[in-house]
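Beneath this line is the structure, given in structure tokens, with notes to follow.
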Amino acid sequence: MRRFLRPGHDPVRERLKRDLFQFNKTVEHGFPHQPSALGYSPCLRLMAIGTRSGAIKLYGAPGVEFMGLHEENNTVVQIHFIPDQCQLVTLLDDNSLHLWSLKQHGGASELREEHRFTLKGPPGSPPSATQITAVLPHSSREVLYLGTESGNIFVVELPSFRVLEDRTITPEAVLQRVPEDYCNRRSCELVEALREHPKNPDQILIGYSRGLIFLWDLQNNKVTHLFLGTQQLENLHWQRDGSKFVSCHYDGSYTQWPVSSDNRQPEPLENLVPYGPFPCKAISKIYWQTTKNGLPYIIFQGGMPRASYGDRHSISVVHGSQQTAFDFTSRVIDFFIIFSSEPTAEFDDPSAMVVLAEEELVVIDLKTAGWPAVHPPYLASLHCSAITCSHHVSNIPLKLWERIISAGSKQNIHYSNMPWPIDGGTSIAPDPPQRDLLLTGHEDGTVRFWDASGVCLHLLYKLSTVRVFLTDADPNDNMNTLGEDEWPPLRKVGTFDPYSDDPRLGIQKIYLCKYSGYLAVAGTAGQVLVMELNDEDAEHVVDHAEADLLQDQEGYRWKGHEKLKTRDGPVRFEAGFQPFVLVQCQPPAVVTSLALHSEWKLVAFGTSHGFGLFDHQQKRLVFVKCTLHPSDQLALEGPLSRVKSLKKSLRQSFRRIRRSRVSSRKRRGGSGNASEVSGHFWRRVCLQLGVQEANAKFDQDTLQEMELAPVQRKIEARSAEDSFTGFVRTLYFADTFLRDSSRHCPSLWAGTNGGTVYAFCLRVPPAERRMDEPVRAEQAKEIQLMHRAPVVGILVLDGHSTPLPEPLEVAHDLSKSPDMQGSHQLLVVSEEQFKVFTLPKVSSKLKLKLTALEGCRVRKVTVANFSSCKTDDYSENDLAVLTNLGDIQIISLPFLKLQIRYPCIRKEDVSGIASCVFTKYGQGFYLISPSEFERFSLSTKWLVEPRCIVDISEKKTNKQNQTNTKQGSTNNNNKKMTLKYTKHWNWYPWVVSHKL
């Protein structure tokens with residue numbers, strides 16, 4: 001009876017689980033998906049980005065990050081910081097305004113939405129009457145000025161969002177100064193721009209889309225200056241001293257206007273079309289920045305000739321005789337200039353231009369000759385080429401880390417040395433306990449190395465495999481090369497490039513050995529490259545070898561793409577990882593699994609046709625094994641083939657449905673009343689246990705209290721004729737007992753999509769004869785799982801039930817030697833169950849039926865080490881499992897007991913589940929969008945999250961306190977707030993501990 005009962009509650013284990021496991025979503029790495037708005041606070045030196053999904057993200061110095069989420073999930077249209085405050089206002093596309101602030105709450109602070117407001121017009125008025133088009137936070141911090149489509153300007157009190165109706169500025173009031181002939185043509189139309197006078201806060205500049213511009217006196221409620229524009233207005237910008245302003249227009253022109261002391265109607269000082277005389281695109285935003293040398297910086301977005309450059313996304317910078325049109329590969333959302341914000345400064349002296357494009361953030365150094373780009377420490381464009389795979393390596397040795405950084409620094413010689421200009425706040429997060437790398441493979445054949453140790457995901461080094469192959473594009477081509485007389489002077493900036501020269505270059509698998517510096521990458525066209533780290537540029541021939549995975553197979557014809565053509569002769573490589581051998585699989589199908597053993601100098605690879613083993617020291621193929629089923633034709637068509645056997649797939653699906661229905665009818669036909677069956681079952685159990693029938697009547701209350709094992713689902717066995725049964729899902733090297741229990745030997749294990757596990761004994765010569773004798777392999781075992789479920793993981797446990805260490809880990813004194821005295825165990829993880837076998841007999845010991853019990857399938861599995869947060873001398877190894885439902889389960893080793901379950905990813909997010917990668921110490925990453933990784937932690941001890949201090953300077957505080965005397969404000973902004981990001985699930989609180 002014991003096997004039908006679950007074990008009881010163990011309070012000691014429950015306490016230990018609380019000390020070991022805790023689920024947190026900690027930080028988002030990468031570039032926000034679908035950005036829609038940009039804001040900047042010169043006082044706080046913080047930047048804010050809003051997205052179409054209603055998220056708002058604030059960034060300062062590296063490690064200073066905040067995040068909030070609007071409940072409405074509407075697009076953020078505009079972001080405006082309240083001057084000299086830790087507050088900002090967001091405008092959504094549903095015409096609602098939201099006030100956000102950092103507030104103290106119970107000794108902590110949060111980025112919290114304080115108020116929300118929707119501007120409403122009088123009954124019966126059209127929606128355009130209150131549709132907000134322009135927002136101006138006044139420097140008094142008391143009111144907002146809201147321009148609308150109807151031309152009205154409403155005044156809203158802060159922070160209550162109360163409309164001050166008596167201060168509304170109507171079109172009728174401003175049109176009183178307009179000449180009659182001009183006024184009769186049409187109305188003012190919508191309010192396009194509102195700008196406060198830089199020297200006189202009692203005056204604001206009002207620009208209407210028709211072209212009319214007014215200077216409005218707030219004290220006397222009247223127009224002081226009128227500026228009659230003839231072109232549709234796009235934007236306005238004050239010059240620093242307030243004596244002039246610049247307007248930009250729809251026809252690609254900009255106009256400079258003087259503001260005289262009298263009330264005369266001024267004439268424009270100049271009207272220029274920078275890229276005329278042909279019709280040009282609109283200039284949507286402009287800056288006029290003064291400098292000490294007298295030559296201003298004129299910076300504007302758009303204005304390019306429509307016919308030839310209408311599809312370009314550009315921002316032009318003009319400084320004297322220097323002029324450059326920065327060309328972006330995605331649409332420009334907005335931009336701002338970082339300049340001197342000191343009120344006493346006489347000149348702007350711009351230092352940097354920050355551009356938010358749709359797919360990346362670009363910062364241009366305006367102080368350095370040539371205006372180079374600044375390498376960003378965060379907001380990396382992860383998807384500059386689509387991410388195809390990822391690989392995490394924990395605890396990188398210092399020497400390897402420094403060599404990778406050195407190689408990356410040689411690639412960044414074209415970047416500016418300027419310190420990161422958005423430096424608000426101070427990160428007080430503790431230094432990362434170790435150095436971690438996240439490697440991402442991309443569609444264009446590149447591998448990027450990211451510093452994943454802390455809050456900021458920072459690019460260290462980029463590796464390209466393109467030089468090995470012949471492609472349509474020359475890797476030496478320079479996209480930025482311009483002719484001397486080329487006009488407009490376009491210069492491509494940014495890293496986002498969604499186009500791949502050849503989809504076969506895509507990286508599918510990555511494996512890095514952190515101890516030896518060997519790197520193996522595999523691609524879409526069956527290419528496997530083995531590389532080693534070199535600190536200098538080098539030119540050498542890459543050796544080639546072919547692995548025919550269809551040996552001794554007749555009647556097969558590959559219908560997919562061809563293999564990539566390789567370059568003949570020596571190839572020059574930059575410092576960093578340089579390939580020295582290429583193994584080409586035939587047929588050139590996608591490489592589906594990869595394993596590297598740097599101590600034995602072996603690399604194993606698998607495709608949908610089979611797997612092979614290559615000796616990269618002798619540069620010799622050891623063996624290949626074909627796993628293709630005779631009926632599997634889909635495996636021969638390739639991922640890029642247009643011909644798919646849809647009819648066969650449908651036929652197999654209907655066969656499975658028919659078998660399932662027949663078996664279910666048989667079960668229903670043979671079963672009687674459920675209670676009778678239960679009674680007969682318990683009576684038979686009692687008789688087997690020797691209990692007299694008189695005492696065998698169970699008390700119903702006792703039965704209800706007894707916790708029974710859950711009902712298991714009937715899982716239909718898969719047919720051997722199912723498609724892709726030979727698809728190799730996992731490869732694993734192990735030094736274990738495979739032939740007998742007295743001698744252990746190197747071995748290679750392979751698991752397929754059809755539930756088959758192959759084991760090969762390897763004979764690796766000793767080091768002194770390694771180059772003289774070949775590596776030999778012989779198949780020793782073949783295991784076929786009953787239900788033929790795909791094998792997603794293989795693991796060998798030593799005599800202490802501990803996973804075998806990584807190659808060279810013991811040699812570097814970073815792990816204990818495995819126990820070779822006791823018996824070893826083999827753990828095979830399929831999509832449906834976990835099963836432990838004894839070695840070398842391979843007899844079943846125990847199993848956990850995940851699909852039968854939980855109704856889910858395994859998608860990702862790894863061994864993770866969990867340490868106690870209460871004591872430093874306890875840790876344990878467990879399995880971290882991600883299912884197709886998006887749940888993460890932690891399962892103990894070696895007894896396969898479920899410890900805890902956390903919902904992590906939406907089950908509908910198939911790409912997020914497929915992209916998930918676990919770390920060795922209980923953390924993980926998965927893509928929440930093509931450009932963002934969500935980081936999560938399963939451990940109580942290993943937690944990476946932002947912690948920062950935001951400090952408003954004393955000068956700003958004194959100025960604020962003087963202004964706030966009128967409103968009786970008791971704000972004390974000379975406080976330091978320590979912020980801790982603890983985002984959970986879909987809620988984004990920023991827990992802040994308060995320090996005076």
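- In this structure, Phe577 has its ring center closer than 6.0 angstrom to the ring center of Phe449.
- Not a single donor-acceptor pair under 3.5 Å links the side chain of Tyr518 to the backbone N or O of Glu599.
- In the model, His544 has a side-chain atom that pairs as donor or acceptor with a side-chain atom of Thr566 under 3.5 Å.
- Here the straight-line distance linking atom OG of Ser747 with atom CG of Leu738 works out to 5.5 Å at 0.5 Å rounding.
- In this structure the side chain of Phe573 reaches within 4.5 angstrom of the side chain of Pro579, judged on heavy atoms.
- Partners of Glu443 according to the side chain to side chain donor-acceptor pair (under 3.5 Å) rule, which considers only residues two or more places apart in sequence or in another chain, do not exist here.
- The aromatic rings of Tyr758 and Phe611 sit tilted, their planes meeting at an angle between 30° and 60°.
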(message) With salt bridge (charged side-chain N to carboxylate O under 4.0 Å, His left out) as the criterion, how do Arg729 and Glu831 come out once you've worked through the C-alpha distance, each side chain's angles and the decisive distance to 0.1 Å?
(response) CA-CA 11 Å; Arg729 294 287 293 268; Glu831 284 190 355; 3.5 Å; yes

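- Judged by distance alone, the side chain of Glu28 and the main-chain N or O of Glu932 form no donor-acceptor pair under 3.5 Å.
- Considering Val858, Leu893, Thr862, Leu848 in turn, Leu893 is the only one that fulfils the side chain to side chain contact (heavy atoms under 4.5 Å, CB included) rule with Leu879.
- Separation of atoms CG (Leu850) and OG1 (Thr883) is listed at 7.0 Å; rounding is to 0.5 Å.
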(request) Please report the C-alpha distance between Glu806 and Lys920 in whole Å, then the side-chain angles of each, then the deciding distance to 0.1 Å, and finally whether the salt bridge (charged side-chain N to carboxylate O under 4.0 Å, His left out) criterion is met. (result) CA-CA 11 Å; Glu806 296 179 12; Lys920 190 177 179 180; 3.7 Å; yes

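- Ring pair His609/Tyr556: centre-to-centre distance not below 6.0 Å.
- Between Trp558 and His561, the ring-plane angle classifies as perpendicular under the 30° and 60° cut-offs.
- Atom NZ of Lys410 has more than 12 neighbouring heavy atoms from other residues, nucleotides or ligands inside a 6.0 Å radius.
- A donor-acceptor distance shorter than 3.5 angstrom exists from the side chain of Thr26 to the backbone of Val944, with no hydrogens or angles considered.
- Side-chain contact between Thr725 and Phe727 is absent, with no heavy atoms from C-beta onward closer than 4.5 Å.
- Counting heavy atoms from C-beta on, the side chains of Leu808 and Ser516 come closer than 4.5 Å.
- Taking 4.5 Å as the limit, every side-chain heavy atom of Leu839 sits out of range of all side-chain heavy atoms of Gln825.
- Dense packing is recorded around CD of Glu546, with more than 12 heavy atoms of other residues, nucleotides or ligands lying under 6.0 Å away.
- Taken from CG in Asn412 to CG in Leu460, the straight-line distance is 9.5 Å, to the nearest 0.5 Å.
- No hydrogens or angles considered: nothing links the side chains of Gln586 and Asp548 as a donor-acceptor pair under 3.5 Å.
- Minimum heavy-atom separation, Gly754 to Gln784: O-NE2, 3.0 Å.
- Heavy atoms of other residues, nucleotides or ligands lying less than 6.0 angstrom from NZ of Lys619 number more than 12.
- Contact annotation: the side chain of Val581 never approaches that of Val542 to less than 4.5 Å [non-hydrogen atoms, C-beta and beyond].
- Proximity of a side-chain donor or acceptor of Thr465 to a complementary backbone N or O of Gly445 within less than 3.5 Å is detected.
- Looking only at atom types and distance, the side chain of Gln833 has no donor-acceptor partner in the side chain of Ser830 under 3.5 Å away.
- A donor-acceptor contact shorter than 3.5 Å is absent between the side chain of Arg448 and the backbone of Tyr461.
- When the options Val757, Leu804, Leu748 are evaluated for a side chain to side chain contact (heavy atoms under 4.5 Å, CB included) with Tyr732, the one that passes is Leu804.
- Contact detail for Val810 and Pro805: the closest heavy-atom pair is CG2-CG, 3.6 Å.
- Side-chain rings of Phe760 and Phe623 approach one another, their centers coming within less than 6.0 Å.
- Scored by the side chain to side chain donor-acceptor pair (under 3.5 Å) test, Asn884 finds no partners at all (sequence neighbours excluded).
- In the model, Asp497 has no side-chain atom that pairs as donor or acceptor with a side-chain atom of Thr495 under 3.5 Å.
- In this structure, Tyr511 has its ring center closer than 6.0 angstrom to the ring center of His391.
- In terms of modelled atom types and a separation under 3.5 Å, the side chain of Gln584 and the main chain of Ala545 share no donor-acceptor contact.
- Between Glu532 and Leu519 there is no side-chain heavy-atom pair separated by less than 4.5 Å.
- For the pair Lys601 and Asp615, the salt-bridge criterion is not met [side-chain N within less than 4.0 Å of a carboxylate O].
- Other residues, nucleotides and ligands contribute over 12 non-hydrogen atoms within 6.0 Å of the CZ atom of Arg763.
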(message) Arg906 vs Glu934, test: salt bridge (charged side-chain N to carboxylate O under 4.0 Å, His left out). Steps then yes/no.
(response) CA-CA 13 Å; Arg906 292 181 301 107; Glu934 177 78 78; over 6 Å; no

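- Note: Trp450 and His29 fail the aromatic proximity criterion, with ring centroids not under 6.0 Å apart.
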(request) Starting from the C-alpha separation in whole Å, work towards a yes-or-no answer on side chain to side chain donor-acceptor pair (under 3.5 Å) for Gln923 and Ser937. (result) CA-CA 4 Å; Gln923 298 186 70; Ser937 174; 5.1 Å; no

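- Between Phe834 and Val836, every side-chain heavy-atom pair lies at or beyond the 4.5 Å cut-off.
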Which atom pairs, donor and acceptor, lie under 3.5 Å between side-chain atoms of residues 393-402 and protein residues at least two apart or in another chain?
from	atom 1	to	atom 2	distance (Å)
Ser394	OG	His392	ND1	3.4

